Amino acid sequence: MAKELDTVPIEVIILTADHEIKGTVHVSKYTKTNRELTDLLNDREKRFLAVTNAEIISRNSSVPPRRYNFLEVHIDCIMMVHPSSQVVYRETGKAQEDIARFRELRNKLNQTKPF
């Protein structure tokens with residue numbers, strides 16, 4: 001229970017080669033600003049990213065989304081992770097800045113041509 005007090009939930013979108021995963025990851029609230037996800041993904045002792053309230057959407061088929069209360073995603077399978085447009089803690093100015101920055105990044109990515 002104490003671990004939950006030391007973390008902040010962030011709604012994210014995780015892209016893998018075959019799936020898009022929407023869910024919540026819990027990051028340390030003691031991490032430097034704008035480093036929460038990076039520090040979590042670069043932790044050499046952890047090989048899996050824990051995701052709660054996960055929804056898995058297949059990128060290559062029309063299979064209906066699957067939902068899980070808890071899911072672990074192997075770090076090596078992750079192509080990209082970014083906060084979704086709705087961050088759980090909206091009351092901070094930082095959260096609003098993050099939303100604006102990632103929307104801008106998403107727009108830039110959508111304008112690039114596929115391989």
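Keep in mind the model is a prediction, meaning the values are calculated, not measured.
Residue His26 is tested with Thr7, Val8, Asp6 for a side-chain contact (heavy atoms from CB on, under 4.5 Å); the sole match is Thr7.
Side-chain atoms of Ile13 and Ile21, non-hydrogen and from C-beta on, never get closer than 4.5 Å to each other. Considering only heavy atoms from C-beta on, Glu72 stays 4.5 Å or farther from Leu49 through its side chain. Counting heavy atoms from C-beta outward, Thr24 and Val12 have side chains that stay 4.5 Å or more apart. Side-chain contact between His19 and Arg66 is present, with heavy atoms from C-beta onward closer than 4.5 Å. Asn69 places none of its side-chain heavy atoms less than 4.5 Å from the side chain of Thr52.
Distance check, rounded to the nearest 0.5 Å: CD1 of Ile57 to NZ of Lys22 gives 4.5 Å. Here Cys77 contributes atom SG and Ile14 contributes atom CD1; the two are 11.0 Å apart, rounded to the nearest 0.5 Å. Rounded to the nearest 0.5 angstrom, Thr16 OG1 and Ile56 CD1 are separated by 8.5 Å.
The shortest heavy-atom contact between Arg44 and Arg47 is O-CD, 4.3 Å. Across every non-hydrogen atom of Val51 and Gly23, the tightest pair is CG1-CA, 3.8 Å.
More than 12 heavy atoms of other shown residues, nucleotides or ligands fall within 6.0 angstrom of atom CG in Asn60.
Residues passing the ring-ring contact (aromatic ring centres under 6.0 Å, His included) test with Phe48 are His74, sequence neighbours excluded.
Every pair tested for ring-ring contact (aromatic ring centres under 6.0 Å, His included) that includes a residue from residues 49-72 fails, sequence neighbours excluded, so the list is empty.
Remark: the backbone N or O of Leu15 is not paired with any side-chain donor or acceptor of Arg59 at under 3.5 angstrom.
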